Structure formats: structure tokens, C-alpha cells
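Here's the structure we're looking at; comments come further down.
Computed from a predicted model, the values in this text were never measured in an experiment.
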Amino acid sequence: MNELISAILHTHVGQVRAFVHTKPELLTQLTPNGQLPLELAKAKGHKRIETAIARAMDVKAHYSAAELQQLLVDYIADMSEEYYAAGWYDSIECELWALLMGDDLGGGLQRRWNRLIDPEELADLRFLAEHTQCWAMWNENHHNDPNAEDVLVVALPDWQPMFNAWLAKH
């Protein structure tokens with residue numbers, strides 16, 4: 001078993017990121033089950049590992065637009081769970097977008113989170129936003145419609161005014 005596969009199986013995000021950069025040839029070596037490392041990461045369900053590997057590959061060859069959008073939603077939800085112990089922390093989408101834009105709102109955002117956000121996580125989110133041309137946000141109206149999604153994926157041109165409105169309040 002190669003080092004990358006082992007790091008994926010043991011959920012060592014830092015090691016996966018390092019191997020992706022230093023040993024990209026490992027990305028094409030199959031697992032004993034005949035999977036590519038990206039396929040194994042998808043099956044394992046760890047969104048940071050999956051995205052770290054996807055960033056190094058031809059993403060359009062491995063994902064549909066809908067799959068990439070779902071990866072964005074899942075990534076933000078995973079961060080919400082890790083940093084706030086909440087499935088979708090109120091305004092996490094805005095806080096993350098502010099950080100992506102280089103605005104920590106005077107240092108207030110990072111102080112509220114359980115730990116500092118890894119710059120690689122922001123790079124992952126930037127990658128997902130650029131490749132989907134979307135951002136994910138909590139659907140405030142989902143309680144009024146039982147068929148509505150909890151999280152919406154909105155095009156970046158539609159997202160920016162929503163973010164600006166939130167930013168004006170904060």
C-alpha cells in the first residue's frame with residue numbers, strides 16, 4: 001500500500017496534502033481494490049482529503065457540476081461541525097466568504113472559531129467556489145416548505161449582494 005493510500009485510510013489530512021505536492025505520481029496509483037486515491041477519498045467521506053486531492057487533478061474528469069456543488073456544501077458543513085459543533089452554524093457561509101476575501105472583520109472572526117482556519121482550507125474553498133462559480137448558504141425559508149433544501153447553492157453573482165447585505169450589518 002502506498003503512502004498516500006495509507007494517509008487517506010488513516011485520515012491524515014496534512015500528510016495527504018504533503019504527498020499531493022511532493023509525490024503527485026501517487027495520485028495515479030491504484031488501491032488494492034482498483035480505486036484511484038480520489039475515489040477512495042470520496043468513498044471515505046472526508047471532504048478535506050477529497051478536495052485536497054481534487055485540487056491536484058483534472059476535476060472535470062472526475063466530477064459533474066452537481067457533485068462539485070455538493071462537495072462545497074459538505075465541506076462547509078464539515079467545517080461548521082468541526083469549528084462550531086453545529087451542522088450549519090448561523091452565518092458560517094458569510095464568515096468563510098469574508099475570510100476568503102481577506103477580511104477577518106477586525107480579527108473578530110478567527111477569535112470566535114475553535115481554532116485558526118488552516119490556509120489550505122481556505123484554498124480548498126476558493127478552489128470549489130472557482131470551479132462551481134457558486135457558494136452555499138443556509139436556506140432561511142426551508143421551514144416554510146417541507147420540500148425545500150436546507151442549504152442552497154447560489155451563483156456567485158447572486159451571492160455577492162447577499163454577502164454585502166450581511167457584511168453591512170456586521
statement: The side chain to side chain donor-acceptor pair (under 3.5 Å) partner of Ser91 among Trp138, Trp166, Trp97 is Trp166
field: Worked check of side-chain contact (heavy atoms from CB on, under 4.5 Å) between Lys44 and Thr11
entry: CA-CA 9 Å; Lys44 186 103 166 92; Thr11 320; 3.6 Å; yes
field: Any side-chain heavy-atom pair of Leu36 and Thr31 under 4.5 Å
entry: no
message: Any donor-acceptor pair under 3.5 Å linking the side-chain atoms of Glu93 with those of Trp88?
response: yes
- line: In short, Gln29 meets Pro37 closest at the heavy-atom pair O-CD, 3.3 Å
task: Could you tell me the separation between the CD1 atom of Ile8 and the CD atom of Glu39, rounded to the nearest 0.5 Å?
output: 10.5 Å
- prompt: For Phe127, does its backbone N or O pair with a side-chain atom of Glu130 as donor and acceptor, under 3.5 Å?
  reply: no
field: Point-to-point distance, once rounded to the nearest 0.5 Å, from CG of Leu40 to CG of Leu30
entry: 11.0 Å
- prompt: Ala7 and Gln15: which non-hydrogen atoms are nearest, and at how many Å?
  reply: CB-OE1, 3.7 Å
Main-chain N/O of Ile76 paired to Ser80 side chain as donor or acceptor, under 3.5 Å: no
- prompt: Is a side-chain donor-acceptor pair under 3.5 Å present for Gln69 with Tyr63?
  reply: no
message: Do Leu38 and Glu50 make a side-chain contact, defined as non-hydrogen atoms from C-beta onward lying under 4.5 Å apart?
response: yes
Straight-line distance of Cys94 SG to Met137 CE, nearest 0.5 Å: 7.5 Å
field: CG-CE distance between Leu27 and Met57, expressed to the nearest 0.5 angstrom
entry: 5.5 Å
query: Does Arg17 come within less than 4.0 Å of Glu120, counting only side-chain N to carboxylate O?
result: yes
CH2 on Trp159 to CG on Leu152, rounded to 0.5 Å: 10.5 Å
message: Return the NZ to CG distance between Lys169 and Leu167, rounded to the nearest 0.5 Å.
response: 11.5 Å
Electrostatic pair Arg55:Asp124 at N-O distance under 4.0 angstrom: yes
query: How are the rings of His12 and His10 set relative to one another: parallel (under 30°), tilted (30 to 60°) or perpendicular (over 60°)?
result: parallel
field: Side chains of Glu121 and Leu96 in contact at under 4.5 Å (non-hydrogen atoms)
entry: no
field: Minimum heavy-atom distance between Leu72 and Cys134, given as atom pair plus value
entry: CD2-O, 3.7 Å
field: With sequence neighbours excluded, residues passing salt bridge (Lys or Arg N to Asp or Glu O under 4.0 Å) with Asp74
entry: Lys47
task: Would you indicate whether the side-chain heavy atoms of Leu68 and Val59 approach each other to under 4.5 Å?
output: yes
task: Kindly indicate whether the side chain of Val20, heavy atoms from C-beta on, has any atom under 4.5 Å from the side chain of Leu26.
output: no
query: When you measure from the side chain of Thr51 to the backbone N and O of Arg48, does any donor-acceptor pair fall under 3.5 Å?
result: no
- prompt: Does Trp135 reach the side chain of Val73, with side-chain heavy atoms less than 4.5 Å apart?
  reply: no
message: Could you check whether any side-chain heavy atom of Leu100 comes within less than 4.5 Å of a side-chain heavy atom of Leu122, counting everything from C-beta outward?
response: yes
message: If you apply the rule side-chain contact (heavy atoms from CB on, under 4.5 Å), what do you find for Ile117 with Tyr83, and how did you get there?
response: CA-CA 9 Å; Ile117 294 176; Tyr83 286 96; 4.0 Å; yes
- request: Provide the closest heavy-atom pair for Leu4 versus Asn2 in the form atom of the first, atom of the second, distance.
  value: N-OD1, 2.8 Å
field: side-chain contact (heavy atoms from CB on, under 4.5 Å) between Leu71 and Leu128, intermediate numbers included
entry: CA-CA 8 Å; Leu71 182 56; Leu128 292 169; 3.7 Å; yes
